[in-house]
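This is the structure I have questions about; it appears just below.
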Amino acid sequence: MKPPHPPNHTPSPFWNTRYGITAAVATDNVVARSLQLYGEWAEHETNLLSGLIEEGHGVLEFGGDFAAHALWMAHAVGPHGQVHVVEPRRIRFQQLCANVALNQLDNVFTHPVWLDRSEGIHSFGAKETVRAITIDSLQLESVHLMKFNLADTLVEALAGATETLRAHRPLLYVRLSGMDQAAAEVASIKALGYRVWSHVPYLYNSDNHAGVENNIFPGLVQQNAIAAPADSHFDFGDRLEL
Amino acid sequence: MLDAMESPPPSGAKARGQSGATGAIAPPLEPDAPAEATEPDDSHGWLRAVLAVIAAVVTAGLGARLWWRRRRRPRPAPTPTPSIAAFFATDVPVPTAEAIELKPPEWVYEDSPYATPPLYLVPDPVDLLLPATSTSPGGDTLLTHLQAIDVNPALHLVGDDRFPEIRRVGEGIAGFDAWQAVLEDACKGEGDDAHLARWLAPAILMLRSRDVRRRDAEVLLEDAAQRTRDGMNRAADEERPHWVARAIRVELARIERLSGAMRLFALRALQSRQAVDLGAEEPPVLDAWIDVQLAWAGWLLGGGAAARQAEAEALCDRLAAISPEATTRALRRRAEIFLQRAEGEKGAVRLASLQRAQSLLEDAYAQGGDAGTALLLARCARLRAMALPPADAADACSLGLTHAFLAEQDPAWRMDALECRLSIQLTYESLPGRAVQGEVAASLGRELASMEADSVGARTAMAATRLREGDFAGASALCEAAWRGGGGDTHLLNLWRDACRGWTQTADTTGHDRHALALAVRQLAIARATL
């Protein structure tokens, strides 16, 4: 005999994450898997950045990560601050916008462009082409932090940010691209008059939002870097300086 | 030599006196008495001679007796001789009889604040628990029950009499269950004990929450918050600020367990919730809010931290204006702000902040010296010693050691003070031109080990002594334990590196020792990589 009301196994279209509601997406990448399972992504990064971001700050993020960090940063900078998220991939950009809209974040600005050393057209993958702009062309009123999430983009993006870096001297938080590119990326940051320190967070956070003890990223870390202008008062003394 | 009473009287007076005394018995014996001896009676001559002899003997005996009695009378005070001493005399209070009776007839050695404390002597345990406020008969009070809990490391009550705080020594959790059981039992009653138990119950829950996972901690802290709300509802008007301060600290404990990103929001929410209470000039509330600002500043870098520290200083200004007691407290809190500032500073700026902190702590200790302030002063002096030129650094070490000794006399601070002494000793011996002082550091290290000291600082200091003794495996194990306990600064990792290097040069090439060394090196690499 069938039950009168069979249980509904339809998955929820939303995920309840640490900093808000996120629209469910295909879990074919680590960011989506982490958001679905743990309700957060790369939380150790936000832990570090939480000591740097204040109300009223301006932030530029290259690589949306489904707004996983933009949700937090939007609250951290408050109504007088701004978060600019640049996401060149079309579907990812739409998912990013969906999450920003779902959480009613009116201080988040999204940009479907590629950040390059000069303006033009950038192609990636087999099918996608997108407009390339420079960071300087965004003409940001204030920027205290630039966060680079996409691999193999840092050197070119910084090359197009000369004026912005000179005017605002923001902190830089960078996910390094790998063994081959890391040295060149660190060198490009230092060439701008910055000091660079290592930050190697584990992908798994044992204190995750969902309270899941199963670690699907055993031993996996990110090789990141935090950089501050050499003439600023920031000094990450206990971190390994690169 | 004769005094005035014994000087020979004139002859007439002597004759009158003597005859007066003896006239009824015998006639005068003067041989030259001329009056009636006109013509001797030869028939009674012999009889007269016998009577004369008898009279002479009797008279002599009475005279001798009278002289003897006069000699036994107390001698009167002599007439003072002229002196100029009075012109130089000062007003010396005349001791009263009571004072004389209170002075024992032996030497009394009084303690001096400059006396050198005994070295390496374990003082008798001192009962620091507060004097009983309950009138329960037979000493059956909450405090006696808490005292009876014999665990190591112990929990201690410190601070205010009516609203004390629980101080936990080390990282051990022994004693929590027993304390909580006693407090729960006492909460059920009425009176002073129940009042104290209700005040302490949230504190013990806060302490417990630090040793459990976040979700379990949330349950404990919610319980603590509820008990605090209950206490606030029961509190009289004058007690309310203490309960408000308790509520702020429970919330701060909850915020500490959040991820860094969530803390920001929770702190902003707390600030808006407590806006009304923060407007009142109540020392407990201002003190608790300084805790919040310092914790907040500790989680920020750069300008954000400076803004929080400035806010904390403004609170110190308000605190200092309330009362003399609050002024002393404000001195210490302001010193804590300068110490925190110094953490992010370098060179002369750092030294200036440390100097300012030390000056404030010296004032605070002079006005109301307690072991906690003494220990903070000792730690500050050590930090200064590490930043000063060697000649001045030695003086700073001496000051630090003195105050570490003072703090050590209080059981609630003894382990931390020992750890501080060891750190200062190691700092002193590392100064240029200073040699290792025998077994001092090693002895302190052993003493800490015997007390099962498990804080990051204690383990780091003990590791340094082990390393110096050539116990590389032991030093490495202590470094690893310190790292697992939350330590991760460059000093610890360098110490660990040196331990592993020394171990590499001495370890057997095969067997268990080699395997343990490989594990230690791997852990060190992980610790370095995940800074």
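Lettering follows sequence order; numbering is per chain, from 1. Keep in mind it's a predicted model, so treat the numbers as computed, not measured.
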At a heavy-atom separation under 4.5 Å, does A:Asn208 approach chain B through its side chain, its backbone, both, or neither?
backbone
Within 6.0 Å of CD in A:Gln104, more than 12 heavy atoms from elsewhere
no
State, to 0.1 Å, how close A:Asp207 and B:Arg257 come at their nearest heavy-atom pair, and which atoms those are.
OD2-O, 3.7 Å
Taking side chain as everything from C-beta outward and backbone as N, CA, C, O, which of these in A:His209 sits under 4.5 Å from a heavy atom of chain B? Side chain, backbone, both or neither.
backbone
Please classify the contact of A:Glu40 with chain B as side chain, backbone, both or neither, using a heavy-atom distance under 4.5 Å.
neither
What part of A:Leu49 is in contact with chain B, defined as an atom under 4.5 angstrom from a non-hydrogen atom: side chain, backbone, both or neither?
neither
Within 6.0 angstrom of B:Arg215 CZ, more than 12 heavy atoms from elsewhere
yes
Taking atom CZ as the centre, does A:Arg169 end up with more than 12 heavy-atom neighbours from other residues, nucleotides or ligands that are less than 6.0 angstrom away?
yes
Honestly, the part of B:Arg213 sitting under 4.5 Å from a heavy atom of chain A is side chain
Any idea which heavy atoms bring A:Arg18 and B:Arg214 closest together, and the distance?
NH2-NH2, 4.4 Å
Engaged part of B:Leu264 at the chain A interface, taking heavy atoms whose separation is under 4.5 Å:
side chain
What orientation do B:Phe265 and A:Tyr19 show, parallel under 30°, tilted 30 to 60°, or perpendicular over 60°?
perpendicular
With chain A, the option among B:Ala305, B:Ala307, B:Gly304, B:Gly344 that has the most non-hydrogen atom pairs under 4.5 Å is B:Gly304
Locate the shortest heavy-atom distance separating B:Ala261 from A:Glu43; write the atom from each residue and the value.
CB-OE2, 3.8 Å
